[in-house]
**Student:** 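Take a look at this one; I'll ask things after.
Treat the numbers as computed from the prediction; the structure is a model and nothing was measured. The figures here come from the full heavy-atom set of this structure, side chains too, leaving out hydrogens, waters and symmetry mates. When a ligand or atom number is given, it counts from 1 through the structure's own listing order.
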Amino acid sequence: MEKWRAADRLLKFSSRFASGTKLTCTIINYDHTHPLVSECCFFPIPFYCCKSKQGKYFYSVATTVHRNPLFSIISPDDISYFKTLLGERGVVQDALALDAANTDWMGKYRGSSKLLLQPKNTEEVSQILKYCNSRCLAVVPQGGNTGLVGGSVPVFDEVIINVGLMRNILSFDKVIVSGVLVCEAGCILENLISFLDDEGFIMPLDLGAKGSCQIGGNVSTNAGGLRLLRYGSLHGSVLGLEAVLANGTVLDMLGTLRKDNTGYDLKHLFIGSEGSLGIVTKVSILTPPKLSSVNIAFLACEDYTSCQKLLLEAKKKLGGILSAFEFLDSDAMSLVSSTTFLGTENHGQEVIKDKHGQDFTSIDLRALPLEFWYSYASGSIFMENLEAFLLHSVESGLVANGVLAQDINQASSFWHIREGLPEALMKAGAVYKYDLSLPLEKMYDLVEEMRVQIGPAAKVVAYGHLGDGNLHLNISAPAYDDNILAKIEPFVYEWTSKNRGSISAEHGLGLMKAAKIHYSKSPETVQVMASIKKLLDPNGILNPYKVLPSSLLSQN
Ligand code: FAD
Ligand code: MLT
Ligand code: ZN
């Protein structure tokens with residue numbers, strides 16, 4: 001009972017509101033046959049899943065893209081060259097491995113590359129690109145292949161280059177400029193998180209794909225994730241980079257300084273350019289010290305407006321210590337409850353249960369996990385502050401119900417619910433995924449309008465990084481269907497553009513949205529981007545068909 005103390009207290013606070021609140025309860029599915037998300041994640045994607053789901057959807061995208069006839073087709077001489085350069089291990093032609101590397105995490109996008117290269121160091125990356133450029137062989141840089149916009153897999157027969165063997169931590173300075181980590185681009189994010197944990201530091205970014213994604217992939221997508229609210233984007237925490245250009249030139253920008261205003265800060269071009277300007281080979285990143293305690297609350301609000309007001313209150317009252325403010329709506333909650341095992345060994349059956357034995361997770365309200373981190377106050381003092389804030393939020397009607405994690409297991413259970421959503425959507429069938437930045441007050445209007453627009457043909461599931469103004473809008477259907485797609489697009493892009501939002505908050509443009517960039521960027525801006533691409537990659541071999549409209553790049 002002790003570990004639910006705070007939860008009980010909070011429920012007590014809310015009891016007098018509960019009578020006037022419509023709570024629709026359903027039973028949580030504690031189906032123990034569902035594996036924990038953390039165990040069933042990411043790789044490899046079962047082939048049947050790719051085959052059954054992707055075909056039609058990929059076809060819809062592929063109709064608008066044609067193979068650039070200027071690109072060469074790989075020859076036996078090319079293979080011999082790469083074997084001499086990289087050795088047998090670095091040249092992968094095995095059908096199963098190629099199948100996984102040709103297919104994206106969602107099983108939506110699929111290429112037909114016959115070659116995967118695995119360099120061991122920057123010099124090898126440089127030699128590969130120099131050769132490909134001279135032969136006009138198109139390439140796709142690939143990291144953990146967890147990208148969600150079709151950017152990490154070939155469209156046609158591009159050569160896949162994965163720096164996963166380049167996974168050394170090169171240095172960690174916790175004395176001079178506290179917390180600067182320098183590592184190779186192939187390091188898996190979760191391994192960096194563990195390494196830093198032992199050193200008393202944390203990565204400034206965290207995301208559900210941490211077990212597979214590489215830091216080079218994170219940098220190349222400018223990944224946001226669950227900590228951006230507190231630690232900012234990678235444009236702030238990445239201090240330096242090493243990147244290899246299409247012609248093999250190595251750009252050493254691997255600074256570790258906090259301040260350096262000597263000329264143009266070119267590293268920023270590579271942060272978020274999705275492998276279209278160069279291959280990132282090394283990263284220097286500023287990591288914050290580990291905090292002495294983490295507190296997480298999982299709260300239910302009656303509607304989106306209350307959620308939004310709660311965020312503003314939390315920013316006002318807890319701004320300095322707030323590290324994440326996520327939200328999921330009731331459709332998201334029921335989806336994750338029905339497809340994911342939410343229990344943990346330590347809690348017996350239920351993850352979130354109040355003192356009356358009622359499942360908190362089954363309350364049909366907008367729900368959001370809210371995480372607080374603090375480093376300066378003692379646990380009890382902080383807990384009192386937090387409880388005071390929550391009490392006030394309950395009394396003012398912003399929070400209808402909720403629980404506070406009492407230990408690390410409960411905390412990770414809450415995150416398990418939030419991080420389980422992408423996987424839950426995959427299990428539910430086909431998913432049309434949109435990643436939008438929108439003004440907070442408008443954000444949920446889009447979700448509701450989309451429900452009207454789609455009708456009963458599909459479910460609209462919304463969640464996201466509310467604290468960053470980032471909505472993940474997912475349309476979940478039993479199978480891909482062009483009639484559903486026609487109801488979503490261009491509606492979703494036009495709506496976003498009209499409300500001055502961004503059609504890609506954190507996932508990038510990839511193949512999915514390369515031709516849609518004009519919804520968020522002016523023609524002049526896109527033209528400058530195309531000029532930069534042509535300057536750095538005149539033959540266009542790096543990740544072709546992605547990020548920018550192909551029509552623009554083929555112009556002279
Ligand atoms: P990949 O998917 O392999 O590649 C992504 C892009 O980067 C491609 O365009 C590729 O060409 C390029 N690239 C990869 N490595 C390099 C390199 N070394 N040099 C140059 N270009 C390179 N994203 C978020 O922003 N926030 C989230 O919270 C988040 N959560 C996720 C949760 C799940 C379950 C999944 C599956 C994905 C999630 N993502 C999220 C998307 C994805 O994980 C991130 O974009 C991640 O940063 C991609 O890293 P990766 O190593 O898998 O790159
Ligand atoms: C997330 O926040 O969970 C990720 O960006 C993945 C997704 O949008 O599904
Ligand atoms: Zn996200």
**Student:** Using 2.8 Å as the cut-off, note every protein N, O or S atom close to the Zn ion (ligand 3).
**Tutor:** H465 NE2, H472 NE2, E506 OE2

**Student:** Regarding ligand 1, does G151 bring an N or O atom to under 3.5 Å of one of the ligand's N or O atoms?
**Tutor:** yes

**Student:** Is the shortest N/O to N/O distance between G147 and ligand 1 below 3.5 Å?
**Tutor:** yes

**Student:** Atom 29 (C) of ligand 1: which of D104, L207, V547 has the nearest heavy atom?
**Tutor:** L207

**Student:** As an exercise, identify every atom of ligand 2 less than 4.0 angstrom from a heavy atom of H472.
**Tutor:** 1 (C), 2 (O), 4 (C), 5 (O), 8 (O)

**Student:** Set out, in order, the CA-CA distance, both residues' side-chain angles and the distance that settles salt bridge (charged side-chain N to carboxylate O under 4.0 Å, His left out) for R451 and D329, then state yes or no.
**Tutor:** CA-CA 13 Å; R451 285 194 175 118; D329 73 1; 2.9 Å; yes

**Student:** Mind checking whether V280 has an N or O less than 3.5 Å away from an N or O of ligand 1?
**Tutor:** yes

**Student:** Between ligand 1 and S273, can you find any atom pair, the residue atom being a heavy atom, that is separated by under 4.0 Å?
**Tutor:** no

**Student:** May I ask you to list the atoms of ligand 2 that are less than 4.0 angstrom from any heavy atom of H507?
**Tutor:** 4 (C), 5 (O), 6 (C), 7 (C), 8 (O)

**Student:** Would you check whether M106 reaches within less than 4.0 Å of ligand 1, judged by its heavy atoms?
**Tutor:** no

**Student:** Any N or O of N218 that comes nearer than 3.5 Å to an N or O of ligand 1?
**Tutor:** yes

**Student:** So with a 6.0 Å cut-off around NZ of K459, is the heavy-atom count from everything else above 12?
**Tutor:** no

**Student:** Which ligand 1 atoms are under 4.0 Å away from a heavy-atom of A223?
**Tutor:** 25 (O), 47 (O)

**Student:** With heavy-atom distances below 4.0 Å as the criterion, list the atoms of ligand 1 near N543.
**Tutor:** 9 (O), 11 (O)

**Student:** Measuring from the heavy atoms of G510, does anything fall under 4.0 Å of ligand 1?
**Tutor:** no

**Student:** For ligand 1, which atoms have a heavy atom of T221 less than 4.0 angstrom away?
**Tutor:** 5 (C), 6 (C), 7 (O), 45 (O), 46 (C), 47 (O)

**Student:** Quick one: does any side-chain atom of K210 pair with a main-chain N or O of L192 as donor and acceptor, under 3.5 Å?
**Tutor:** no

**Student:** Where on L148 is there a heavy atom closer than 4.0 Å to ligand 2, on the side chain, on the backbone, on both, or on neither?
**Tutor:** side chain

**Student:** Do F172 and F201 have ring centres separated by under 6.0 Å?
**Tutor:** yes

**Student:** Below 4.0 Å, non-hydrogen atoms only: which portion of N222 touches ligand 1? Side chain, backbone, both or neither.
**Tutor:** neither

**Student:** For ligand 1, is there an N or O atom under 3.5 Å from any N or O atom of G144?
**Tutor:** yes

**Student:** Can you name the atoms of ligand 1, numbered from 1 with element, that are less than 4.0 Å from a heavy atom of G278?
**Tutor:** 20 (C)

**Student:** Below 4.0 angstrom from a heavy atom of E274, which ligand 1 atoms are there? Numbered from 1 as shown, please.
**Tutor:** 9 (O), 11 (O), 12 (C)

**Student:** Under 3.5 Å between some N or O of ligand 1 and some N or O of A185?
**Tutor:** no

**Student:** Which atoms of ligand 2 are found less than 4.0 Å from any heavy atom of H465?
**Tutor:** 2 (O)

**Student:** Can you find an N or O of W105 that's nearer than 3.5 Å to an N or O of ligand 1?
**Tutor:** no

**Student:** Just heavy atoms, cut-off under 4.0 Å: does H507 contact ligand 1 by side chain, backbone, both, or neither?
**Tutor:** side chain

**Student:** Considering the heavy atoms of E506, write down every atom of ligand 2 situated less than 4.0 Å from one of them.
**Tutor:** 2 (O), 5 (O)

**Student:** Could you tell me whether a side-chain N or O of T221 sits under 3.5 Å from a main-chain N or O of N218, the two making a donor and an acceptor?
**Tutor:** yes

**Student:** Measure up the F327 and Y444 rings against each other and bin them: parallel (under 30°), tilted (30 to 60°), perpendicular (over 60°).
**Tutor:** perpendicular

**Student:** Without swapping roles, check the side chain of K513 against the backbone of I503 for a donor-acceptor pair under 3.5 Å.
**Tutor:** yes

**Student:** Does any N or O atom in Q142 lie less than 3.5 angstrom from one in ligand 1, N or O only?
**Tutor:** no

**Student:** Stepwise, does the side chain to side chain donor-acceptor pair (under 3.5 Å) test hold for N474 with S476?
**Tutor:** CA-CA 6 Å; N474 295 270; S476 168; over 6 Å; no

**Student:** Can an N or O of E506 be found at a distance shorter than 3.5 Å from an N or O of ligand 1?
**Tutor:** yes

**Student:** Could you check which of N145, L241, L148 puts a non-hydrogen atom nearest to atom 38 (C) of ligand 1?
**Tutor:** L148

**Student:** Kindly check if the number of other-residue, nucleotide or ligand heavy atoms within 6.0 Å of NZ (K442) is above 12?
**Tutor:** no

**Student:** What atoms of ligand 2 come closer than 4.0 angstrom to any heavy atom of R418?
**Tutor:** 1 (C), 2 (O), 3 (O)

**Student:** Do ligand 2 and K433 have nitrogen or oxygen atoms that lie under 3.5 Å from each other?
**Tutor:** yes

**Student:** Once you restrict to heavy atoms under 4.0 Å, what part of H465 touches ligand 1? Side chain, backbone, both or neither.
**Tutor:** side chain

**Student:** Please lay out, stage by stage, how M106 and K433 fare under the test side-chain contact (heavy atoms from CB on, under 4.5 Å).
**Tutor:** CA-CA 10 Å; M106 294 177 293; K433 216 172 230 315; 3.9 Å; yes

**Student:** Using distance alone, determine whether G224 and ligand 1 share an N or O pair under 3.5 Å.
**Tutor:** yes

**Student:** Under 3.5 Å, side chain of N222 to main-chain N/O of S233, donor-acceptor pair present?
**Tutor:** no

**Student:** Kindly determine whether I417 and L328 satisfy side-chain contact (heavy atoms from CB on, under 4.5 Å), including the steps that lead there.
**Tutor:** CA-CA 10 Å; I417 295 170; L328 51 148; 4.3 Å; yes

